[in-house]
Amino acid sequence: MLVSVVAHRGSMSEAAANGSSPSPAPEAPVAELAQLALEEEAPKVTFSDQFKAFSKFGDTKSDGKLITLSQSDKWMKQAKVIDKKITTTDTGIHFKKFKALKISLTDYNKFLDDLAKTRKVELAEIKQKMAGCGAPGVAQVSAGKAAAAVDRLTDTSKYTGSHKERFDATGKGKGIAGRRNVVDGSGYVSGYQHKDTYDGAH
């Protein structure tokens with residue numbers, strides 16, 4: 001492409017010297033543009049790459065060649081394949097047909113094919129979702145619900161019984177005084193409100 005650009009510039013300068021208008025530049029072939037676009041894009045993750053990643057998820061000793069039912073279910077849930085049409089019960093039934101705790105990629109393809117036919121779902125659609133669901137990860141907890149629950153459980157004004165005695169009116173903890181009956185050696189009876197107000201003249 002660089003050669004064609006240089007040649008085009010040369011023809012433009014010749015045309016300018018001759019006084020004629022330059023001819024329009026030839027368009028780059030569509031195949032070359034498509035190839036350049038593919039080179040610029042990030043490499044796509046394949047189904048087999050995802051199989052290897054999820055077969056290692058939660059199992060540090062796994063070599064990525066065999067997958068368990070729980071890892072498969074995790075993968076399908078993350079890819080949103082498990083829904084109203086396909087449930088974990090369905091995956092369990094079809095997985096147990098192989099009579100093994102772990103199955104290879106070849107058997108896993110058979111498992112998906114059997115599952116898709118039984119549940120009347122397109123196999124290509126399942127594989128596309130599973131290939132594009134991203135790296136295995138832990139599901140995020142909704143921050144809104146968690147924050148509301150924490151606020152409710154840490155509101156000291158709603159505490160009752162002995163728990164209420166552990167905090168003052170502002171909600172600040174009393175420390176050890178709120179957990180133990182500390183002996184008051186001042187000589188006053190408990191609950192006396194006029195402590196240290198006695199006038200020495202009396």
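Across all their heavy atoms, A79 and M130 have their closest contact at CB-CA, 3.8 Å. The minimum heavy-atom distance linking K129 with K80 is given by the pair NZ-O, 3.8 Å. Of all heavy-atom pairs spanning F51 and I103, the tightest one is CZ-O, 3.8 Å. Contact between T46 and A131 at its shortest, heavy atoms only, is C-CB, 4.3 Å. Minimum heavy-atom separation, D114 to T118: O-OG1, 2.8 Å. Closest approach of S55 to G64, counting heavy atoms only: OG-CA, 3.0 Å.
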Kindly determine whether L105 and S48 satisfy side-chain contact (heavy atoms from CB on, under 4.5 Å), including the steps that lead there. CA-CA 7 Å; L105 178 58; S48 57; 3.8 Å; yes
Hey, mind stepping through K77 and T88 against side-chain contact (heavy atoms from CB on, under 4.5 Å) and telling me if it holds? CA-CA 9 Å; K77 282 176 185 173; T88 51; 3.8 Å; yes
Determine, stepwise, if the pair I86 / I126 fulfils side-chain contact (heavy atoms from CB on, under 4.5 Å). CA-CA 11 Å; I86 298 173; I126 291 173; 4.0 Å; yes
Step-by-step side-chain contact (heavy atoms from CB on, under 4.5 Å) determination, F98 to L69: CA-CA 11 Å; F98 293 92; L69 175 61; over 6 Å; no
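Inspection of the D73 and S70 side chains reveals no N or O donor paired with an N or O acceptor under 3.5 Å.
At most 12 heavy atoms of other shown residues, nucleotides or ligands fall within 6.0 angstrom of atom NZ in K52. Around CG of L123, the count of heavy atoms belonging to other residues, nucleotides or ligands within 6.0 Å exceeds 12.
Looking at K74 and F57, their side chains come closer than 4.5 Å, going by heavy atoms from C-beta outward. Counting heavy atoms from C-beta on, the side chains of T68 and L101 never come closer than 4.5 Å. Using a 4.5 Å cut-off on side-chain heavy atoms (C-beta onward), W75 and P136 make no contact. The closest side-chain heavy-atom distance from K127 to N109 is below 4.5 Å.
Sorted by first then second residue, the salt bridge (charged side-chain N to carboxylate O under 4.0 Å, His left out) pairs that include residues 54-71, not counting sequence neighbours, are D59-K102. Within the structure, every pair that satisfies the salt bridge (charged side-chain N to carboxylate O under 4.0 Å, His left out) test and touches residues 82-93, not counting sequence neighbours, is listed here: D90-R119.
Ionic pairing of K117 and D113 is present here: one or more N-O contacts between side-chain nitrogen and carboxylate oxygen are shorter than 4.0 angstrom.
Looking at residues two or more places apart in sequence or on another chain, you find a ring-ring contact (aromatic ring centres under 6.0 Å, His included) between F111 and F95, Y108.
Residues L66 and F54 do not share a hydrophobic cluster, clusters being chains of Ile/Leu/Val/Met/Phe/Trp/Tyr side chains in contact below 4.5 Å. Taking hydrophobic clusters as Ile, Leu, Val, Met, Phe, Trp and Tyr residues chained together by side-chain heavy-atom distances below 4.5 Å, V81 shares a cluster with V121.
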